[in-house]
Amino acid sequence: MGCREAKRLSSSKGNSAVVVLAFGRPIKGGKWQWAASLFGRGYRSTDQIQEAVQAYGEGYVSCSPDGPRLTVAIGTSNGDAAGCPPRGDCAGVWTPEDVWFVSWGARTAWPLPQIYTLSGSMAQQWYHLSLYSYQHHGSRMDIAGAMTQIQSCRDTHDRCRGMSNHPAQGWTQLWRALNRDPRTAQPLRFLTDIAWRN
């Protein structure tokens, strides 16, 4: 997969790119062992995930040693901003503080939020989370960019009604929401789109 991505990006004019390798939701895979669910297709331990990510990176470098600098992120399907302000106090038992921590407060976290909705509601939620960070932790939440899902909708033949932003649309919604307020104003480095790959 890394080699395929290197070949795909070889014609790119950019000097950097991001890929998120999504492994599903975090679960406990065995006694004292953390893992990810692989979206209902079994699970992989964190050691196996590390090996897979390293193999992806090696494939990318071997097929494109001079290509764009690639940031590889390990993604999990938890901690989204569903139900968060301006609507409420986030979905389920999550609070804005919980979402802030898993998205930005944890040492290795760097949010690349899902901005699917045509209405811009998801961009508004992440603006409010960045503002929450400013108000409660003294600085804005720095956001890597926006993630959309239009390719995965096509891959699964799902119309994704109301949640079918194209990458540039999602990025623009989030950039506008963040940059209308000097407390959260920032550049957004990446725009990316989800696709199903094996």
Side-chain angles (χ1 to χ4, degrees), residues 16-27 34 36-37 39 46 49 53 70-153 158 160-195:
S16 66
V18 63
V19 65
V20 179
L21 302 178
F23 289 91
R25 68 180 176 83
I27 59 172
W34 287 99
S37 68
F39 299 98
T46 53
I49 290 169
V53 172
L70 184 67
T71 299
V72 179
I74 302 169
T76 59
S77 58
N78 68 324
D80 72 10
C84 287
R87 290 190 184 152
D89 198 32
C90 302
V93 298
W94 290 83
T95 66
E97 181 68 17
D98 295 330
V99 178
W100 173 84
F101 181 78
V102 300
S103 302
W104 182 240
R107 186 173 57 89
T108 59
W110 192 24
L112 183 67
Q114 300 160 334
I115 310 296
Y116 300 163
T117 56
L118 298 173
S119 69
S121 62
M122 294 173 117
Q124 289 301 313
Q125 290 168 332
W126 285 94
Y127 156 72
H128 282 281
L129 284 166
S130 186
L131 182 59
Y132 174 90
S133 182
Y134 178 88
Q135 293 171 330
H136 296 273
H137 295 281
S139 64
R140 71 181 185 217
M141 176 188 290
D142 286 343
I143 297 175
M147 177 181 287
T148 54
Q149 67 173 357
I150 193 66
Q151 186 59 51
S152 69
C153 297
D158 183 344
C160 297
R161 290 192 177 140
M163 299 183 73
S164 55
N165 272 341
H166 288 262
Q169 289 173 292
W171 185 94
T172 300
Q173 286 178 357
L174 184 57
W175 187 90
R176 286 180 177 161
L178 293 168
N179 286 282
R180 71 169 187 232
D181 186 334
R183 296 169 296 178
T184 58
Q186 59 187 278
L188 293 178
R189 189 169 173 194
F190 298 112
L191 56 100
T192 189
D193 195 56
I194 297 172

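Here the structure is a predicted model, which means the values were calculated and not measured.
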Query - Within 6.0 Å of CZ in Arg180, more than 12 heavy atoms from elsewhere - result: yes

Requested in this report: Nearest 0.5 Å please: distance from the CD atom of Gln124 over to the CG atom of Leu129.
Outcome: 11.5 Å

**Report entry** From CA spacing to verdict: side-chain contact (heavy atoms from CB on, under 4.5 Å), Asp98, Cys90
**Finding:** CA-CA 9 Å; Asp98 295 330; Cys90 302; over 6 Å; no

Requested in this report: Of all the heavy-atom pairs spanning Leu191 and Ala168, show the shortest one and how long it is.
Outcome: CD1-N, 4.4 Å

Requested in this report: Report yes if some heavy atom in the side chain of Tyr132 is under 4.5 Å from a heavy atom in the side chain of Pro85; otherwise report no.
Outcome: no

**Report entry** Val72 and Val19: CA distance, side-chain angles, deciding distance, side-chain contact (heavy atoms from CB on, under 4.5 Å) verdict
**Finding:** CA-CA 5 Å; Val72 179; Val19 65; 3.9 Å; yes

Report summary line: Heavy-atom closest pair (Arg183 atom, Arg140 atom, distance to 0.1 Å) is O-CB, 3.4 Å

Query raised in the report: Say you draw a straight line from CG of Leu112 to CH2 of Trp126; how long is it, rounded to the nearest 0.5 Å?
Result: 9.5 Å

Report task. Measure from the side-chain N and O atoms of Thr192 to the backbone N and O of Met147, and report whether any donor-acceptor pair falls under 3.5 Å. Result -> no

Query raised in the report: Hey, what do you get for CD (Gln125) to NE2 (His128), rounding to the nearest 0.5 Å?
Result: 9.0 Å

Query - Spacing of CH2 belonging to Trp94 relative to CG belonging to Asp89, to within rounding of 0.5 Å - result: 12.5 Å

Query raised in the report: Hey, does the side chain of Asp193 reach the backbone of Gln149 with a donor-acceptor pair shorter than 3.5 angstrom?
Result: yes

Query raised in the report: What distance do Thr71 atom OG1 and Phe190 atom CZ have between them, rounded to the nearest 0.5 Å?
Result: 4.5 Å

Requested in this report: Output yes when a side-chain donor or acceptor of Thr184 lies under 3.5 Å from a complementary backbone atom of Leu131, and no otherwise.
Outcome: no

Query raised in the report: Minimum heavy-atom separation for Trp175 to Leu188, with atom names?
Result: N-CD1, 3.5 Å

Query raised in the report: Between atom CG of Leu70 and atom OG of Ser16, what is the distance when rounded to the nearest 0.5 Å?
Result: 9.0 Å

Requested in this report: Using a 4.5 Å cut-off on heavy atoms from C-beta on, say whether the side chain of Ile150 contacts that of Ser164.
Outcome: yes

Report summary line: On a heavy-atom basis, the closest approach of Ile115 and Gly170 is CG2-O, 3.5 Å

**Report entry** Nearest heavy-atom neighbours spanning Gln186 and Ser130
**Finding:** NE2-OG, 3.7 Å

Query raised in the report: Any side-chain heavy atom of Met122 sitting closer than 4.5 Å to one from Leu174?
Result: no

Query raised in the report: Between Ala109 and Ser103, which heavy-atom pair has the shortest distance, and what is it?
Result: CB-O, 3.2 Å

Query raised in the report: Are the side chain of Gln173 and the backbone N or O of Tyr116 linked by a donor-acceptor pair below 3.5 Å?
Result: no

Query - 4.5 Å side-chain heavy-atom contact, Ile49 and Trp34 - result: no

Query raised in the report: Angle class for the Trp100/His137 ring planes (parallel below 30°, perpendicular above 60°, tilted otherwise)?
Result: parallel

Report summary line: Residues passing the side chain to side chain donor-acceptor pair (under 3.5 Å) test with Ser121, sequence neighbours excluded, are Thr117, Ser119

